[in-house]
Amino acid sequence: MTLLDELLVIERQLWRSDADVYAATYLPEAVLIFPGIGRIDLDAAVEAIRGENAAGRHWAEVAFSAETALEVAAGTRLLAYHADARWNDQPTAEAVDCLAVYVKREERWRVAAHQQTGNT
């Protein structure tokens with residue numbers, strides 16, 4: 001499995017709307033930026049996922065394309081991809097471009113930053 005494949009496995013897990021996976025994968029000081037929401041921290045992201053789950057919302061499907069990973073420095077990778085994702089309560093998918101910064105900590109990849117840009 002290539003490093004790109006390894007990072008994409010992690011990203012797919014993050015799209016499963018599991019707050020515990022988020023908490024275990026992101027660094028505590030991570031920065032997240034989402035369209036329509038802006039900049040939030042990990043605690044706010046985990047709480048938002050829990051709220052979505054309590055309301056019965058989750059990502060029903062997601063498809064990645066244009067995936068690429070770039071070595072920024074030793075133990076640091078920049079992952080970029082396009083995602084078409086549909087919430088379980090929506091009839092059509094949303095298109096977003098995603099950028100994540102991964103760092104190797106304690107022998108595993110953790111997310112230090114994530115940004116999504118909505119497409120129109």
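Along the sequence shown, the residues carry numbers beginning at 1. Just so we're clear, the structure is a prediction, and the values are computed from it rather than from any experiment.
- Contact check for N88 versus R57: side-chain heavy atoms found under the 4.5 Å cut-off.
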Would you tabulate the side-chain donor-acceptor contacts of residues 3-11 under 3.5 Å, counting partners in other chains and residues two or more places apart, or write 'none'?
residue : atom : partner : partner atom : Å
D5      : OD2  : T2      : OG1          : 3.1
E11     : OE1  : Y81     : OH           : 2.4
E11     : OE2  : Y102    : OH           : 2.5

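- Checked against ring pair (Phe, Tyr, Trp, His ring centres under 6.0 Å), W59 has the following partners two or more places apart in sequence or in another chain: W15, W87.
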Donor-acceptor pairs are to be reported for all side-chain atoms of residues 40-50 against protein atoms at under 3.5 Å, with residues two or more places apart or in another chain.
residue : atom : partner : partner atom : Å
D41     : OD1  : D43     : N            : 3.3
D41     : OD1  : A44     : N            : 2.9
R50     : NH2  : D20     : OD1          : 3.4

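- Under the rule for a salt bridge (Lys or Arg N to Asp or Glu O under 4.0 Å), R12 has no partner lying at least two apart in sequence or in another chain.
- Residue pairs meeting the ring-ring contact (aromatic ring centres under 6.0 Å, His included) criterion with at least one partner in residues 23-51, sequence neighbours excluded, are Y22-Y26, F34-H114.
- Think of V103 as one node in a network of Ile, Leu, Val, Met, Phe, Trp and Tyr side chains linked at under 4.5 Å; its network also takes in L27.
- Residues that satisfy the side chain to side chain contact (heavy atoms under 4.5 Å, CB included) test with H82, not counting sequence neighbours, are S65, D84, A95, D97, N119.
- The salt bridge (Lys or Arg N to Asp or Glu O under 4.0 Å) analysis of residues 101-115, with sequence neighbours excluded, yields the pairs E29-R105.
- At distances below 3.5 Å, not a single donor-acceptor pair connects side-chain atoms of D18 with backbone N or O atoms of Q13.
- Residues P35 and G118 share a closest heavy-atom pair of CG-N, 3.5 Å.
- Counting side-chain heavy-atom gaps under 4.5 Å among Ile, Leu, Val, Met, Phe, Trp and Tyr, the cluster of V101 also holds L70, V72, L78, L99.
- Cluster note: I33 groups with V31 through ILVMFWY side-chain heavy atoms spaced under 4.5 Å, whether in direct contact or through intervening members.
- Nearest approach of A93 to R86, heavy atoms of both residues: CA-CB, 3.9 Å.
- Residue pairs meeting the salt bridge (Lys or Arg N to Asp or Glu O under 4.0 Å) criterion with at least one member in residues 30-40, sequence neighbours excluded, do not occur.
- The salt bridge (Lys or Arg N to Asp or Glu O under 4.0 Å) search around R16 returns none, not counting sequence neighbours.
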